[in-house]
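To start, the structure itself, in structure tokens.
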Number of protein chains: 2
Amino acid sequence: MTSSHLHQTRCQTCSLSSLCLPLSLSLDDVEQFDTIVRRRAPLTRGETLYMQGEAFENVYAVRSGSLKQTIIDTDGEEQITSFYLPGELVGLDSIDSAVHPGFLTALERTTVCEIPFKRLESLSEHLPELRHQLYRCMSREIVDDRRLMRLLSSKSADERLASFFHNLSIRFDRCGHSAERFRLPMSRSDIGTYLGLAIETISRVLGRFQQQELLTIQGRHVEILDMAALKKHAGIIAPCCNERRRA
Amino acid sequence: MTSSHLHQTRCQTCSLSSLCLPLSLSLDDVEQFDTIVRRRAPLTRGETLYMQGEAFENVYAVRSGSLKQTIIDTDGEEQITSFYLPGELVGLDSIDSAVHPGFLTALERTTVCEIPFKRLESLSEHLPELRHQLYRCMSREIVDDRRLMRLLSSKSADERLASFFHNLSIRFDRCGHSAERFRLPMSRSDIGTYLGLAIETISRVLGRFQQQELLTIQGRHVEILDMAALKKHAGIIAPCCNERRRA
DNA sequence: CGACGGTTTGAGTTGCGTCAATTCGTGTGG
DNA sequence: CCACACGAATTGACGCAACTCAAACCGTCG
């Protein structure tokens, strides 16, 4: 039956476990961890995992697909603050206020693991590695946000987009896709909102990138032709943060 | 003698303890916590607490004064990613890579408490409240960074500065200063780098704010005359995040 | 008093946003 | 199966907010 099917998958056999919270846990510990994880039915494109203002109960690990976080400001403007790919942890920004600061929406068919935060917290009492991993995840999120801040505060449209694609490439690579060819899960408009650029600017810059033969892009299919040049265009280089992570 | 003087101050008697990590600890627990905290000699204006690339060992709680974090990008450009005021925790972004991502520099005479992270982590094993407080601090830092991202990605110079002053006002208020009158610890140039604006723009906008009688500013002395109007100018309103925090 | 950061003010330039029109792509219904 | 419709993406023309460069001003410290 369906519900048992949903519970079949386990951390022990998950291909993403080397990216996810169980990262540095022993087999025994992973087994303990696995018991508090709930598998959810897949979300379809556009479906929301939670709403802005909703009470915070769980964090989520992305298994497949992708999501975006959208925050609606007091002035009613919509902003995208982050995208989440497989192996990444969603909801860490909700701990402080115990309320979700934004909407979490699936960009495509997406499966996530639901992890009740209270139980995660208690479990972390006896698993120092898990605790450390949690601290690291949150710390990394801060570092990544700071990188985006620097991008937004002083970089040109070209640099922002080059950095964006370079960053995506690294993250797709890490979760088992190709670093050179991938399908964009988000629309141009999403990219624009995220990078603080008008959709028309996105379009123009991508046109330029194709002329310069940095990459090709048709619809949502991207192929990066000259990674080195893309990196150079980016200015702020993501790998300096990302290499270390793997260590 | 001096060194004993430095160790005199204790968390139990610190006026900031209600903002800081010991926030929700019992008296006994605060005492335990206090034993791992090291008081340092004050930093003078311009002195660095740590350098970019240095190994991460400690986090720091600001007791008095203020600091800025500066990151030098691969392209050599200098960016200020955050300011830290009394009661705030510094260094949480260094956990992931175990290396400080930027320089931490005192903006004025500043005292900090040094907290060895390894010992903090072990201590947190037996103090659930401390653990939770740490998670909250990190989560809050993410939320605050996201707010700045939204500011940078789509707000005008006026909105950025209004939001900046409003935010400062709240934070000064929280650590015991006046919300309406305070001394800016940072230069206009620092503000510009932080908000992604040219120093000339800062100057012009502040001129405009004075004409509109939102505030007066001479040198570094600020007086906010019309908090409500300032808030309205800000668009993104900080308090929505900050009110919750106190709950 | 003169020198030197830090700040303000002015004039000219430009990257990107806005508006508007066109094209492309995909799904729908006759 | 084609025609139509609708949203997503592109392209072009134009304006403006903020940047850059340059000069003047200010406070402070030797």
Side-chain angles (χ1 to χ4, degrees), chain A residues 44-46 68 75 77-80 105 107-109 150-165 183-212 214-222 233 235, chain B residues 44-46 68 70 75 77-80 105 107-108 150-165 183-212 214-222 233 235:
Chain A
T44 62
R45 180 189 157 86
K68 65 174 173 182
D75 58 7
E77 216 172 317
E78 217 173 295
Q79 298 272 166
I80 294 175
T105 316
L107 293 169
E108 55 195 317
R109 187 183 157 86
R150 281 178 285 146
L151 210 60
L152 294 173
S153 81
S154 64
K155 303 300 178 184
S156 69
D158 286 57
E159 290 173 302
R160 292 185 203 188
L161 264 164
S163 178
F164 178 73
F165 278 94
R183 202 186 152 277
L184 282 181
M186 69 290 285
S187 68
R188 317 275 147 130
S189 154
D190 284 340
I191 299 176
T193 313
Y194 179 66
L195 293 178
L197 296 170
I199 184 175
E200 295 92 331
T201 304
I202 304 287
S203 202
R204 282 184 252 268
V205 173
L206 288 182
R208 231 174 293 154
F209 281 0
Q210 295 200 77
Q211 277 186 326
Q212 302 170 239
L214 285 180
L215 49 78
T216 58
I217 177 165
Q218 36 215 359
R220 296 195 168 188
H221 182 79
V222 180
H233 265 256
Chain B
T44 60
R45 179 190 158 86
K68 65 174 174 184
T70 314
D75 59 5
E77 215 172 319
E78 216 173 295
Q79 298 272 166
I80 294 175
T105 314
L107 293 169
E108 57 195 314
R150 281 177 284 146
L151 209 60
L152 293 173
S153 82
S154 64
K155 303 301 177 180
S156 70
D158 286 58
E159 289 173 302
R160 293 185 202 189
L161 264 164
S163 178
F164 177 72
F165 278 93
R183 201 186 153 276
L184 282 181
M186 68 292 284
S187 68
R188 318 277 146 127
S189 153
D190 284 340
I191 300 176
T193 312
Y194 179 66
L195 293 179
L197 297 170
I199 185 175
E200 295 94 329
T201 306
I202 304 288
S203 202
R204 282 184 250 269
V205 173
L206 288 182
R208 229 175 293 153
F209 281 0
Q210 295 199 77
Q211 277 185 328
Q212 300 170 241
L214 284 180
L215 50 78
T216 58
I217 176 164
Q218 36 217 354
R220 296 194 167 187
H221 182 80
V222 179
H233 265 255

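So that the names make sense, note that chain A is the first sequence line, chain B the second, and so on, each numbered from 1.
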A:K155 vs B:E77, test: side chain to side chain contact (heavy atoms under 4.5 Å, CB included). Steps then yes/no. CA-CA 10 Å; A:K155 303 300 178 184; B:E77 215 172 319; 3.3 Å; yes

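- The CG atom of B:L184 sits 10 Å away from the P atom of C:dT7 (whole-angstrom rounding).
- Nearest nucleotide to the A:R204 side chain, out of C:dT9, D:dA9, D:dG12: D:dG12.
- Counting to the nearest Å, the P atom of D:dA18 and the CG atom of B:L195 are 12 Å from each other.
- Comparing the helix axis at one end of the helix from C:dC1-D:dG30 to C:dG30-D:dC1 with that at the other, each defined from 5 consecutive pairs, gives an inter-axis angle of 20° (nearest 10°).
- Between B:T201 and D:dC19, a side-chain N or O to OP1/OP2 separation shorter than 4.0 Å is present.
- In this structure, B:L161 atom CG and C:dT8 atom P are separated by 11 Å, rounded to whole Å.
- In this structure, the side chains of B:L215 and B:Q210 come closer than 4.5 Å at one or more pairs of heavy atoms.
- Remark: P of D:dT10 and CZ of A:F209 are 13 Å apart, rounded to the nearest angstrom.
- Within the structure, every pair that satisfies the salt bridge (Lys or Arg N to Asp or Glu O under 4.0 Å) test and touches residues 189-208 of chain A, not counting sequence neighbours, is listed here: A:K68-A:D190, A:D158-A:R208.
- Ion pairing between a basic and an acidic side chain is recognised when a charged N comes within 4.0 Å of a carboxylate O; A:R150 and A:E159 show no such pairing.
- Of all nucleotides listed (C:dT8, D:dT11, C:dT7), C:dT8 comes nearest to the side chain of B:S203.
- The shortest side-chain heavy-atom distance between B:L107 and B:R45 does not fall under the 4.5 Å cut-off.
- Residue B:G192 is classed as having no contact, given no heavy-atom separation below 4.0 Å to the nucleic acid.
- Under the 6.0 Å cut-off for aromatic ring centres, B:F165 and B:F209 do not qualify, their centroids lying 6.0 Å or more apart.
- Atom CD in A:Q211 sits roughly 13 Å away from atom P in D:dT10 (whole-Å rounding).
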What string of B, S and - do you get for nucleotides 22-30 of chain D 5' to 3' if you count protein non-hydrogen atoms under 4.0 Å? B--------

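- The nearest pair of heavy atoms linking A:F164 to A:L195 is CB-CD1, 3.9 Å.
- The nearest whole Å value for the distance from the CG atom in A:L206 to the C1' atom in C:dC16 is 15 Å.
- Looking at heavy atoms from C-beta onward, B:I217 lies in side-chain contact with B:L184 at the 4.5 angstrom threshold.
- Residues B:P185 and B:R220 fail the side-chain proximity criterion, which asks for heavy atoms closer than 4.5 Å.
- The separation between A:D158 atom CG and C:dT14 atom C1' is 14 Å, rounded to whole Å.
- Backbone-only engagement by B:L197 is indicated by non-hydrogen atom pairs under 4.0 Å involving sugar-phosphate atoms exclusively.
- Atom-to-atom, CD1 of A:I199 to P of C:dC19 comes out at 14 Å; the value is rounded to the nearest Å.
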